[in-house]
Amino acid sequence: MNKNLPSINNKHRINTQQLDMPPRLLLGPGPSNAHPRVLQALSMRQVGHLDPRFIHLMNEIQSLLRYAWQTDNQLTIPVSGTGSAAMEASLANTIEPGDTVLIAINGYFGHRLADMAARYGANVHTIEKSWGEVFHPDELKTALEKHRPAILGLVHAETSTGARQPLEGIGELCRNYDCLLLVDTVTSLGGVPLFIDAWQIDIAYSGSQKCLSCPPGLAPLTLGPRAVEKLNRRRTKVANWYLDMSMLSKYWGSERTYHHTAPINMNYALREALRLVAEEGLEARWERHQANAELLWAGLEELGLACHVTDKSLRLPSLTTVRVPDGVDAKQVAARLLHDYNIEIAGGFGPLAGKIWRIGLMGFNSRAENVMLLLTALKSVLYGR
Ligand SMILES: *Cc1c(COP(=O)(O)O)cnc(C)c1O
């Protein structure tokens, strides 16, 4: 070697073992276990990101995403990154500095939306409910009347609380106030009934690792005609180069202009995840999630445990929040489930820290055998064998 080069520093050249991860059952708020067929697709050999076969696959993904979301929106794509990347894209593209944005906050992810919106220069207003409650359309109407926002942001499935925000009628309400409706569907897409077009949702995003049973790394985004019109009317550039849909849509549209390299194998995985949704059919998939959640709720009740969201019709089938009984250390129970049974569940945070556990039954993991296994393990940890 060239004698003028500095000497190699071997301090970080650690000796590591070949990768071997434990067989965890991921029943927390995400990620959920990927379907075996998705993992298989992930390891398929690569093609280039402008290869005709890849472009064909991109079209298939867009179509299957439109099915999963029940939308005809042209601009329906997976954003490179996790759910938060699509969350950020949804705001970065539709907010212009000075726009009034109203965020309905009833859990952690509403706070995140408000934080992100402010970073893009929005004049952010919020209405708040305690964690576990949902908004009534009349409350939203009063807030729309008061603030006259350009965008209303709501979380369909609040993973921090287990509550399902009913969306019927809200799209129509927003149109009456000339406001775009933006909805976080990260923990609902593929697990909870959701109709983007019929419910007149203008902007929605999701993630790959919750009810779609794909590893984290891609995040679906859909923009309806009213949102695209706002994007096209912008006077200022989208303040985020990587997530700029005016450029990205040229790669996913007919021009196929290079923007950034698509995560090839993650797209293979997402395609397989979406194929599984289409194969099963949305109705059967939603019913499966609901039936397994009800099995869990009944089992928890038998163990003397109460759900945090009392109204069953407002509980998410994909994420159940359970009240921690007095005198029980929530963290210790979760740690024992992981250590003794390879089962991951999560605790609460924010105002619900130490007060709840969060149990996810998402996508491939929403199966009766997983529910029975968890209930048995929970019983042994809480009450002894
Ligand atoms: C998980 C989640 C997100 C963020 O997704 P990441 O993949 O963690 O970036 C956003 N909103 C909700 C409701 C979520 O559950």
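As the structure lists them, so they are numbered: ligands from 1, and atoms in each ligand from 1.
An N or O contact shorter than 3.5 Å links Ser84 to ligand 1 by distance.
Close approach of ligand 1 to Thr187 is summarised as follows: ligand atoms under 4.0 Å from at least one heavy atom of the residue are 15 (O). Per-residue contacts place Gln209 under 4.0 angstrom from the following atoms of ligand 1 (heavy atoms of the residue considered): 6 (P), 7 (O), 8 (O). Remark: ligand 1 atoms within the under-4.0 Å shell around heavy atoms of Gly83 are 5 (O), 6 (P), 7 (O), 9 (O). Ligand 1 places these atoms under 4.0 Å from at least one heavy atom of Arg112: 4 (C). Proximity to Thr82 (heavy-atom distance under 4.0 Å) selects the following atoms of ligand 1: 6 (P), 7 (O), 9 (O).
Between the side chain of Glu158 and the main chain of Arg164, no donor-acceptor pair closer than 3.5 Å is present.
Considering only non-hydrogen protein atoms, atom 11 (N) of ligand 1 sits nearest to Asp184 OD2, 2.7 Å. Ranking protein heavy atoms by distance to atom 3 (C) of ligand 1, first place goes to Phe109 CE2, 3.4 Å. Summary of contacts: the protein heavy atom closest to atom 14 (C) of ligand 1 is Lys210 NZ, 3.0 Å. Residue, atom and distance of the protein heavy atom nearest to atom 15 (O) of ligand 1 are Thr159 OG1, 2.3 Å.
His260 has its ring centre no less than 6.0 Å from the ring centre of Tyr251.
For the residue pair Tyr120 and Asp99, no side-chain donor N or O sits within less than 3.5 Å of a side-chain acceptor on the partner. Counting only N and O atoms by type, the side chains of Thr100 and Asn123 include a donor and acceptor under 3.5 Å apart.
At least one heavy atom of Ala157 sits closer than 4.0 Å to an atom of ligand 1.
Figure legend: cation-pi geometry between Arg175 and Tyr177 absent, as NZ or CZ is not positioned both under 6.0 Å from the six-membered ring centre and within 45° of its axis.
Applying the 6.0 Å contact sphere to CZ of Arg119 captures no more than 12 heavy atoms from other residues, nucleotides or ligands.
In this pair, Trp286 and Phe195 present their aromatic rings perpendicular. The plane angle is above 60°, beyond the 30 to 60° band. Relative ring orientation between Trp241 and His259 is described as parallel, the plane-to-plane angle staying below 30° on a 0-90° scale split at 30° and 60°.
With a 4.0 Å cut-off on non-hydrogen atoms, Glu158 does not touch ligand 1 at all.
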